[in-house]
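Letters go in sequence order (proteins before strands), and every chain restarts at 1. Keep in mind the model is a prediction, meaning the values are calculated, not measured.
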Amino acid sequence: MRRLPFEYAVRNLGRSPSRLLMSAGGCGLVVLLAMAAGGFVSGMQDSLKISGSPRNVILMGAGSEESVERSEIPMRTPGIAATGIRGIAIAAGVEAISPEVHLAIPIQLQTETESPTEENEANALFRGITPSAFLVHQEARLTEGRFPETGADEVAIGRLAARGLGLEGEDRILGSTLVVDERPFTIVGVIDADGGVIEGEIWIPLSDLLIIGQRDTLSCVVIRTTDGDLTSAHGFAATRLDLELVATRESDYYASLAAFFKPIRFMVMITAILVAAGGVIGGLNTTYAAFASRVREIGTLQTLGYSRLAIVRSLVEESILTASIGALVAAAIGILVLDQVTIRFSMGVFGIQIGPGVVALGLLGGLTLGIVGAVIPAIRCLRLPVPEALRSS
Amino acid sequence: MMSRAINVIPTVWRQIVRAPIRTGLTVTGIAVAMFLFTSVEAMRGGVHAATTSSAKDATLVVYRENRFCPFTSRLPQFYGDRIERIDGVRSVIPMQILVSNCRASLDVVTFRGVPNDDLEATISDAGRFLEGDAAAWRSRSDAALVGESLALRRGVKVGDRFSAAGITVFVAGILGSDRPQDRNVAYVHLSFLQETVTRGGSGGIVTQFNVNVDDPSQMEAIASSIDEAFRYDEFPTSTWPEKAFVGRAVRDIVELVGFASWVGWASLVAVLALVANAIVLAMRDRIRDHAVLQTLGYTGGLIAWMVLLEGALLGLAGGVVGAVTSTVVVSLGRFSMTMEGMNVEIANDPRLAVIGAGIAVGLGLLAGAVPAIRASRGEIVQGFRAV
Amino acid sequence: MSLIECRDLTRTYTRGSEKITPLDGLHLDIERGGFVALMGPSGSGKTTLLNLLAGIDRPTRGSLLIDGRPVHTLSRNALAEWRSEAVGYVFQLYNLVPVLTAYENVELPLLLHSLSRKERHQKVAAALDLVGIADRSDHYPRQLSGGQEQRVAIARAIVTDPTLILADEPTGDLDRESATNIMDLLKRLNTELGRTIVMVTHDPKTTVWCDTVLHLEKGKLADSNADDSSGTESHNQTMTEISS
């Protein structure tokens, strides 16, 4: 079979630079939007998915299973739990029990250049902790600075939370001031947690947060078990009716949070699919019209002895080339720009995640756009009998 | 001249309907873009309606200072009596809010506990019982008056029991209201909510007070007086006009919708660039047809009119399909985004459909303009040669 | 008075830095009711002259009077107006609008006139009937043969009752039988309806239907009376097929 040289397709691209720009640009925009949506969904999903350990159990108030922030349990719970639950892991000679308060409070960032105003106010998720929190949440590591001291108006901040506030780089983060209830708190540490939700939080000594929140109850107690067996914890919650507790596996809790956001992800995905569908239809439109104006050329090629398949192949090559240019540029923009974007979304911060999967999705989408956009119109063009094609204008 | 412009309309129509694939692709492309655009605008409309005050609004919300989440705002119920004594305050309704989750999502259930006697004042003139009545609500301690949108979303009707956020209530009535917030919440007895929610028996704590003022123009002054009164108390307050309060509570949603509106515009641009390109290309195919028409005595202006009309009709068709689909989906879905117990109902404004269709027509015209100008200016003889 | 009077008719095109003058100071009169063939090698200016006569191109110099109207002075829109009333044009490649039926194609020029739908219908039907294609009025161009397409194109050219019919190689793309039919048809329009026809042709055989043959060469009129008599002679054998 005679094949049209690849250069034929390449040269055809050069015939109309404006058309090339428009097609490649449109395709690129579609790919970029698809990647943004994919990055949003995967960023949100992953941050929740990797959060929480299956070995950890959260004790929280019955009826608050959906949201630990709503939960209130007595201050004495950790002590009772320590004796009532078997199989608690021991690290550094201490039982891994973390009493915690989870509170969403608005904060304002104060820097040398920025004074705290309502404009730069943001909701932040505070977790009041004791040093034992690091024994329980083993993915959390203090990578810079130190642990905040109780009563010294100090906090440690998650990497993503800092980025969400526009703070990047050790110099800028450490020493910056957050204003909570008109009271300045100094950032003395940075926490990394492999991209989990903890990175979007601000950690503060438990007793400081109790004062800020004016409360005398805990939100929850998180316990690390030796083997992930929750039987004892469930039994404890069921027997100590006076405490009104439920025991939930920590990883299950975050999985249910991920499920809670499902409608949002669904909306984002629907939007992306519609955008992509619009792109395919728009692309079809363009190539259909572009090929229709070349019916005569296609007829001529057939007369010269090229098979229909060879011509379709060349037209598709041309279209894939155009789409690839757009998709590659979009992928580059996505990796360079989008990947850095953090989104503060209701009590948490997560980063748009342009991972290999999302990039592949984007490129694949672009490729599909190129193929689908070309094959159907090309076949339609070729259905015309040669003499008629030659005569048509 | 007019009669010519009218005479050629059937010809334009035939150009459209006798190229079904091209027309179908173009119209579908425009429709998808318009669907996205109108939907996103509907979200924006909802945010606007929920957060922008009008001169008629006379409700202030008293919240715990520096708190937005209903889990963290706690005010003693007796503050209500003190607020009521402040000049210009007409009535005060203490309210306990319970949401299944403070985080933003769709389909969050919000309970508002109000005192037994304050139900009518709470739902005000804007609300009405679609089913059930106030007596039925009062007769049971676990009764709930469910907003119509929430009821539709959850598929509950009078007589049902329904559980959310760790409590179970009995549906005593369905509430219709002009206020989007009220359509998306369930009103229950304050005492019921306090007993069920606040552990350790510390009743007498509420989330917020809704304050009605006599003179809307005095809102700001009264808000300041309220906050001044509690400034040195154990629980300082922060008082906002209701809509402004909602705006602050749902700012993540505002941001998200702002982001979505960029996506909406971008997709509009992307799809329409491709569609416009297609219209331009299709018209290029017709340069010869236009030259023929000119030879027959059609003036450049008349041909330009035909081209523009075609672009506008394609735009109109796509715009109407997209905008109407979006309007139908939005009104049937009754979507509501909730955060911190505040609702943003995705607004279903028929005007949006009209605007959307109008934009599509405009874009169709724009896409037709290039070939129209070319057709009206070009030399006829060139037209035959061009192809 | 002649129907067409060309005086010093010149058309110059500028292509890049090059100047081309396909028509150079042409003097020509064409009588009312004539059937004129324009012949000449490519680039001799035949098509340019036809386009000038049709009012779809304008002379660079000189004057062109058609039916007493100074066509060369008319504005763009006035020219369009004039074309819609006075000229019917038949193309070599028919140039029917592909998405319109035969009927609708013929109707196109009438849309410019203030006519009721019924009047339009009568005129279109009469024109289709005259060219013998009334039974194909619902067909699209792609469903017609070349000869049929050209008949529709001729119907479109005569439907407004123009004084002047211009044809650019109307049989150039047709087989011999179809060509004969088309030429017979044009001849009937000429003799029975008294239309003046100016036709560009490459094919000497088609000139037997004409009463005047003009030879153009390098934008000027070459010896024109040579075929004058033969044209009249052939008048009697119009209905015979062209023999090769």
Side chain to side chain, C:R76 and B:T299, heavy atoms closer than 4.5 Å: no
When rounded to the nearest 0.5 angstrom, what distance separates CE in B:M306 from CG in C:L111? 8.0 Å
CZ/B:R44: more than 12 non-hydrogen atoms of other groups inside 6.0 Å: no
For chain B, which candidate among C:A80, C:P98, C:G55 shows the most heavy-atom pairs at distances under 4.5 Å? C:A80
Looking at C:Y89, C:W82, C:Y140, which one has more heavy-atom pairs under 4.5 Å with chain B than the rest? C:Y140
Which one of C:I56, C:N51, C:L166 satisfies the side-chain contact (heavy atoms from CB on, under 4.5 Å) criterion with B:T295? C:I56
Are the side chains of C:L112 and B:L302 in contact, using a 4.5 Å heavy-atom criterion? yes
What part of C:R120 lies closer than 4.5 angstrom to a heavy atom of chain B: side chain, backbone, both or neither? side chain
Using a cut-off of 6.0 Å, state whether more than 12 heavy atoms not belonging to C:H113 lie near its atom NE2. yes
Can you check side chain to side chain contact (heavy atoms under 4.5 Å, CB included) on C:N95 and B:R288, steps first, answer last? CA-CA 8 Å; C:N95 281 337; B:R288 181 188 288 261; 3.1 Å; yes
Looking at C:E217, I want to see if its CD is surrounded by more than 12 non-hydrogen atoms of other residues, nucleotides or ligands under 6.0 Å. no
Indicate whether the side chain of C:R83 and that of B:Y298 have a donor and an acceptor atom separated by less than 3.5 Å. no
About how many Å separate CD of B:Q294 and OG of C:S84, when rounded to the nearest 0.5 Å? 13.0 Å
For atom NE2 of C:H121, is the number of surrounding heavy atoms from other residues, nucleotides or ligands below 6.0 Å larger than 12? no
Under 4.5 Å from a heavy atom of chain B, the part of C:T101 involved: both
Quick one: does B:N7's side chain get under 4.5 Å of C:E107's, heavy atoms only? no
Are any of the side-chain heavy atoms of C:V97 and B:Q15 separated by less than 4.5 Å? yes
